[in-house]
Chemist: 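Shown below is the structure under consideration.
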Amino acid sequence: MIKFSGVSKKYKNNIIAVSNISFTIDNGEFVFLVGSSGAGKSTILKLLLREEIPTTGNIYIDKKDITLLKRKEVPYLRRTIGVVFQDFRLLPNKTVYENIAFAMEIVEAEPREIRKRVPMVLSLVGLSDRANSYPQQLSGGEQQRASLARAIVNEPSILVADEPTGNLDPDTTWDIVKLISEINKRGTTVVMATHAKDIVDIMKKRVIEIDKGNIVRDEARGVYCYEV
Ligand code: ADP
Ligand code: ADP
């Protein structure tokens, strides 16, 4: 379970990006974070990943307050959360296979386990035939699949996605959303920030809307926005 309790984040320039927000996300939920640019979505995701530390408040993952983690404990948190970004962030000098294997090497997985898991996740995202390609040889959709494979290879309990379809065309977008939905159905909690109105409206998942650092809407089967 993820729990934000009275969380605020004020950056060094005194911008208050997140203002006293509280919410909980149960294991296995699929949550869309929506809101205009600058609303505070990325900040919330960074707080969850402990890339930022809140100015006030507490953030719990499975009852553990991650704001209290020591520096050397942070890598253990990162193992429990897979992340995908709008710009893929694959290592350009490694093949698809090596990019994914590297994520396992970092957490000191057994070579035997790596040889087993990497082909498994490549197959799950439909990239088995691209294992030996380099990222720049792939389409945007294929790069995002590779990045999804990398995000889930260590079997995280949470998948964080920050605008994962922002650079993709509509058809490719749906392929990626279906994959994320598939990963969610296998039990992974998904928290996805997005501007993709069509997706949010069709998926009918929980929607948390952020505006100027505040939660202004939290609906179980929500839409992207309401016309005024
Ligand atoms: P969103 O993801 O919804 O577009 P962000 O969380 O990126 O929103 O940004 C929220 C606010 O915080 C914005 O006003 C943004 O300019 C500001 N902000 C984001 N990151 C930083 C930072 N590292 N330093 C200072 N201000 C920041
Ligand atoms: P399901 O939840 O039934 O397994 P998926 O996870 O494949 O379905 O897709 C999630 C939702 O997205 C479904 O409601 C499906 O109808 C919709 N959807 C899938 N592909 C497209 C598409 N290309 N255009 C519009 N909606 C789509």
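The chain is numbered in sequence order, starting from 1. Note that ligands are numbered from 1 as they come in the structure, with each ligand's atoms numbered from 1 the same way. Hydrogens, waters and symmetry mates are skipped; everything else that's a heavy atom, side chains included, is used.
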Chemist: Does Lys116 NZ have over 12 foreign heavy atoms under 6.0 Å away?
Modeler: no

Chemist: Between the side chain of Ser139 and the main-chain N/O of Glu142, is any donor-acceptor distance below 3.5 Å?
Modeler: yes

Chemist: Identify which one of Lys185, Arg206, Lys205 satisfies the salt bridge (charged side-chain N to carboxylate O under 4.0 Å, His left out) criterion when paired with Glu29.
Modeler: Arg206

Chemist: Is any side-chain N of the basic residue among Glu219 and Arg217 closer than 4.0 Å to the acidic one's carboxylate O?
Modeler: yes

Chemist: For ligand 1, output the ligand-protein N/O contacts shorter than 3.5 angstrom; if there are none, return none.
Modeler:
unit_1, atom_1, unit_2, atom_2, d
ligand 1, 2 (O), Ser42, N, 2.7
ligand 1, 2 (O), Ser42, OG, 2.9
ligand 1, 3 (O), Ala39, N, 3.1
ligand 1, 3 (O), Gly40, N, 2.9
ligand 1, 3 (O), Lys41, N, 2.9
ligand 1, 3 (O), Lys41, NZ, 2.8
ligand 1, 4 (O), Gly38, N, 2.6
ligand 1, 6 (O), Thr43, N, 2.9
ligand 1, 6 (O), Thr43, OG1, 2.5
ligand 1, 8 (O), Gly40, N, 3.0
ligand 1, 26 (N), Asn13, ND2, 3.3

Chemist: Tell me if the centroids of the rings in Tyr226 and Tyr224 come within less than 6.0 Å of each other.
Modeler: no

Chemist: What pairs meet the side chain to side chain donor-acceptor pair (under 3.5 Å) rule with one or both residues in residues 70-79, with sequence neighbours excluded?
Modeler: none

